[in-house]
Each structure stands twice: as C-alpha cells, then as structure tokens.
Amino acid sequence: MAAKGITGPGYEGHYFWDTEMYMLPFFIYTQPQMAKQLLHYRYSILPQARQRARDLGVTKGALYAWRTINGEEASAYFPAGTAQYHINADIAHTIKLYFEVTDDQDFLREQGAAVVLETARFWLQFGGWEQRDGKQQFCLYKVTGPDEYTALVDNNYYTNRMAKENMAFAAWLIKQGYIDGDTDEQAQLARASEAMYLPYDATNQVTAQDDNSPKMPLWPFATTAATQYPLLLHYHPLMIYRHRVNKQADTLLAEMLFPEDQSQEQLARDYDYYEPITTHDSSLSRSIFSILASRLDRRDKAYSYYMDTSLMDLVDLQGNAKDGLHEANLGGSWLGLTYGFAGMYVAAGKLHITNHLPQEINQLSYRLRFRGRVLEVQLTQDSTQVQVVSGTPLMMVVDGREVEVTSGTIANGR
C-alpha cells in the first residue's frame, strides 16, 4: 500500500512503515482478511529482507527495506532511510496485533511467526551489551527513529521499545511451538528483551528520545519564520540534526502504542516536553498528539489536533496535496476516533474502551471485529455503551471496569 496510494505521484508509488503503523489497525479491526493479505505480502518478500540484513553485515535474521516496491531498498538517503531499522519491529508489532485481535493461529504458525523470528534475530546481532546504570543492558547504536529530524543516534527510545517487544514475542512463539527454535535462542531473545535499555532523562524527569537529544541546543523557533516550514525544505539536514527539534511524534508514539508502560503523570510530563519542539512537518504526527491528549483528558487539545488530522488534505494543511492524499493520515483519522476518543487498545488479551469524547462531539458510534465477534461501541457525553452484535459474550474493560459484554447493552457512566 503506497504512501499516496494511487491518488498522486508523491513517493513514486513506494511504500514505507505507514502501512503497518497507521493503516493496518483499521483493517485488522474492520476487515481482517484485507489485513491478512497485507501481512502476507511482507512474508512473501522475506527473502529480500534477509539479503538486506546481509548487505549491512548482519549474518542472521532479516531487515525489511525502508522504502520499496519490490522488497529491495529504494531509499537513496540512508540517515532518514535504511537507518530507520524500527520498520522490522513495526511489522512484528502489527503481526502481534493481528493475532491478538483475530486469534488467527494458522496465519501465525504458517507465516507470521517466521517474520517475527527473523526480524528479532536481526536485533540480536545488530545490538550490543553495555554496562549502564550498574548493570548489563542491551543497546542499539546509530539508528534513526520515526522522527527524521534526529538521525543516527544511540538508543532511540521508540526503536528500543519496539525491538524489545519484537524479541519478547519471538521468544514466546518459540516457547509456544509456533515456530522451530532451540531453547538457547529463545533464552537469548528473552534476555535481550528484558535487558533492553530505555533512556530516561532524570534531570527533566522525561522519557528521553535517545542518548544525546536532551543535551543538544534547542532549535531557534522564535526566529524561524512560518514560511521556513517544513524545515527539511529550507535547511541543510546537518543543521537540523544538531538541534533539539522533532519532525513528528517519536517517543510519544511509543507511549501511544504501549499505554500501560507509563503513569498518567509521566505521560503528561513527556507530552508537555515534546509538544513545543515538534513541528508536525510530517503528516503522521498530529493524530498521535490527538490520541495522547485524549488519554490525558485534555479534550480541547485532542479535538483540535483531530480536526487538523481529519481535514488535512481538504484544506491542504501540509501544502502538498497536489502530490496525492496522505493515506496514512487517513488511517490516523480513524485511530484518533478509536484509539483516542474511545481509548481503545488491547492488553493482556483484553480489549479496553475508555470514553474521552470531547464536548464538540455529541455522539460517536462505530463497529469493530474482535476474535470472531462484531462489537458496537457508542459514546455520548453521558455514557459508554458496548454490545455484541454477533458472536459470544466477551470479557473486556470499559471505562476502567472489567465487565462481560453480551448482546444486551453494557452502559458505564462517565
């Protein structure tokens, strides 16, 4: 699924991580057969990914191309291209989400597990052990995270956190017999995952984007004219890379994907730290800020970011609609409604729904598929209602309370 689909010439028909992280959740929850086809395509180009890992000197495992059509790397600028190794973990994350939502064990056994294991093997060889904070920790060096204004850094939080999940999931697949692997490899993957270094800025009490970003000088926002954005079109990359400025959500994206990793207090500090230094020069950014504002119950801000997301191409917010629609942003619009206003996520096998509906919206209603069931969610300013439209009853968490959802409506007051 190309970044512009078939709506324009932008990106020459290439596809990136957008498919997995911004568009596939929609298909997983609504049209799982389409999601399965998209994931099957990643499985079909696994041989090219193995070769890409060899090109980078990693003798075991696979590395998916950052920008491609046929599975081979097409990015000519490696700091903001190939160095975004997190695409491996992005694909593994989406396979895990697909399995959690559909319980499609056949796909996991026949295709998905192979992709997860091969991408996890890459991290084992790519990373290294280092003594930090008085203990041996697993580190990843010279990587670029989702924020393309901060390139070739050590221990990008997003990349490390995603790789941590990738390796843990691979170890679980071996243990559960979904794929052949010896106990030694399983133990190595589990150990590296458990010991993954996740940077933290103790001075500012915020989750650090990487080892160096908190120490770099702040971008001169006060003297940067509005006409100089997006920065990448007006400044040399090396000018941008040596300043503390984000093109898009990076650390915050990881916190969106793993909502139970941090407290509300930590999330609030991180949000307040990263928001002023994020330019949203990427169309992928505003939806994440909207979702996290919802989780923080900053509903005015969540609604404002959401409207920017949903209207982006209609008002040509990015100034490049002539190149085609921002397909991933369309996925981000759906995420803003479901992950944001409806607080939807899966953890420990349970579906969570939490009402964060902003005052500007009277009612939000949508349907989703979850493990063979069709559910309907209805949010108003006064109630949260979830019911089973088809299928068996389901234990889930609604507005923080575990309930059994049946064909009758379950209502929880705000």
Side-chain angles (χ1 to χ4, degrees), residues 3 11 14-18 20-22 52-53 55-58 63-68 73-91 122-123 126-128 130 139-163 196-201 206-221 224 228-255 270 273-285 288 318 328:
Y11 297 116
H14 293 101
Y15 63 89
F16 303 75
W17 69 313
D18 312 30
E20 281 74 27
M21 302 311 293
Y22 286 82
R52 189 59 180 160
D55 293 343
L56 270 67
V58 176
L63 174 63
Y64 279 89
W66 174 247
R67 174 175 181 157
T68 187
E73 182 65 78
S75 175
Y77 184 63
F78 69 84
T82 303
Q84 294 202 53
Y85 305 103
H86 63 82
I87 190 170
N88 260 15
D90 300 334
I91 294 168
F122 174 85
W123 299 119
F126 179 81
E130 184 179 337
C139 298
L140 302 175
Y141 306 101
K142 297 299 173 285
V143 308
T144 300
D147 169 35
E148 295 173 342
Y149 286 174
T150 312
L152 296 178
V153 297
D154 296 338
N155 295 306
N156 170 256
Y157 181 90
Y158 176 88
T159 304
N160 286 27
R161 181 61 184 89
M162 294 292 284
M196 178 64 74
Y197 177 68
L198 299 175
Y200 187 79
D201 180 356
V206 297
T207 306
Q209 186 171 341
D210 53 72
D211 284 353
N212 296 317
S213 292
K215 306 169 190 174
M216 296 193 296
L218 189 66
W219 179 268
F221 292 103
T224 303
Q228 298 301 106
Y229 295 92
L231 299 181
L232 77 164
L233 297 183
H234 300 279
Y235 297 91
H236 194 286
L238 293 178
M239 166 71 172
I240 298 173
Y241 293 165
R242 62 186 176 87
H243 286 89
R244 188 157 30 107
V245 57
N246 285 8
K247 180 184 180 185
Q248 64 203 78
D250 190 301
T251 303
L252 293 180
L253 175 56
E255 295 183 329
D270 293 345
Y273 177 83
Y274 286 107
E275 187 181 29
I277 65 172
T278 303
T279 65
H280 307 296
D281 285 349
S282 167
S283 65
L284 304 178
S285 188
I288 306 306
Q318 300 295 105

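Only a predicted model underlies this, so the values are computations on that prediction, with no experimental measurement involved. One is the number of the first residue; the rest follow in order along the sequence.
Ring geometry, F16 versus W66: the interplanar angle exceeds 60°, so the pair is classed perpendicular (tilted spans 30 to 60°).
For the residue pair S282/E148, the side-chain donor-acceptor check at 3.5 Å is not satisfied. Under the 3.5 Å distance criterion, with hydrogens and angles disregarded, no donor-acceptor pair is assigned to the side chains of D201 and Y273. With 3.5 Å as the limit, one finds no donor-acceptor pair spanning the side chains of S283 and Q318. In this model, no donor atom of one side chain and acceptor atom of the other lie less than 3.5 Å apart for Y274 and E255.
With D154 contributing its side chain and D211 its backbone, the two residues share no donor-acceptor pair below 3.5 Å. Checked by atom type and distance alone, the side chain of E73 never pairs as donor or acceptor with a backbone atom of T68 at under 3.5 Å. Although no hydrogens or angles enter the test, the distance criterion places no donor-acceptor pair under 3.5 Å between the side chain of D281 and the main chain of Q248.
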Apply side chain to side chain contact (heavy atoms under 4.5 Å, CB included) to the pair L253 and L284, showing each step before the final yes or no.
CA-CA 10 Å; L253 175 56; L284 304 178; over 6 Å; no
Could you give me the CA-CA distance, side-chain angles and deciding distance for D210 and T150, then say whether side chain to side chain contact (heavy atoms under 4.5 Å, CB included) is met?
CA-CA 9 Å; D210 53 72; T150 312; 3.5 Å; yes
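Residues Y149 and L231 approach most closely at OH-N, 3.3 Å, considering heavy atoms. The nearest pair of heavy atoms linking M21 to D90 is SD-CB, 3.5 Å. Here the closest non-hydrogen pair linking A3 and D18 is CB-OD2, 4.1 Å. Shown here for I240 and W219, the closest heavy-atom pair between the two residues is CA-CZ3, 4.0 Å. Contact record, L152 with A83: CD2-CB, 3.7 Å, taken as the closest heavy-atom pair. Scanning both residues, T278 and S285, for their nearest heavy atoms gives CG2-OG, 3.7 Å.
Annotation: F78, atom CZ; neighbour count of heavy atoms from other residues, nucleotides and ligands within 6.0 Å does not exceed 12. With a 6.0 Å radius and a threshold of 12 heavy atoms from other residues, nucleotides or ligands, Y200 has its OH atom above the threshold.
In this structure, the separation between CG on L218 and CZ on R244 is 5.0 Å, given to the nearest 0.5 Å. Going from atom OG1 of T82 over to atom CZ of R67 covers 11.5 Å, rounded to the nearest 0.5 Å.
Annotation: side chain of Y77 is in contact with side chain of P237 (closest heavy-atom distance under 4.5 Å). Side-chain contact between D250 and Y157 is absent, with no heavy atoms from C-beta onward closer than 4.5 Å. L63 has its side chain out of reach of V58: every pair of non-hydrogen atoms, C-beta onward, lies at least 4.5 Å apart. Side-chain contact between Y141 and F126 is absent, with no heavy-atom pair separated by less than 4.5 Å. The shortest distance between side-chain heavy atoms of P230 and K247 does not fall below 4.5 Å. V153 is not listed as a side-chain neighbour of Y241, based on a closest heavy-atom distance of 4.5 Å or more. Y85 places none of its side-chain heavy atoms less than 4.5 Å from the side chain of L140.
The six-membered or imidazole ring of W123 lies away from that of H86, with a centre-to-centre distance of 6.0 Å or more.
When N156, N246, N155 are each tested for a side chain to side chain donor-acceptor pair (under 3.5 Å) with Q209, only one passes: N246.
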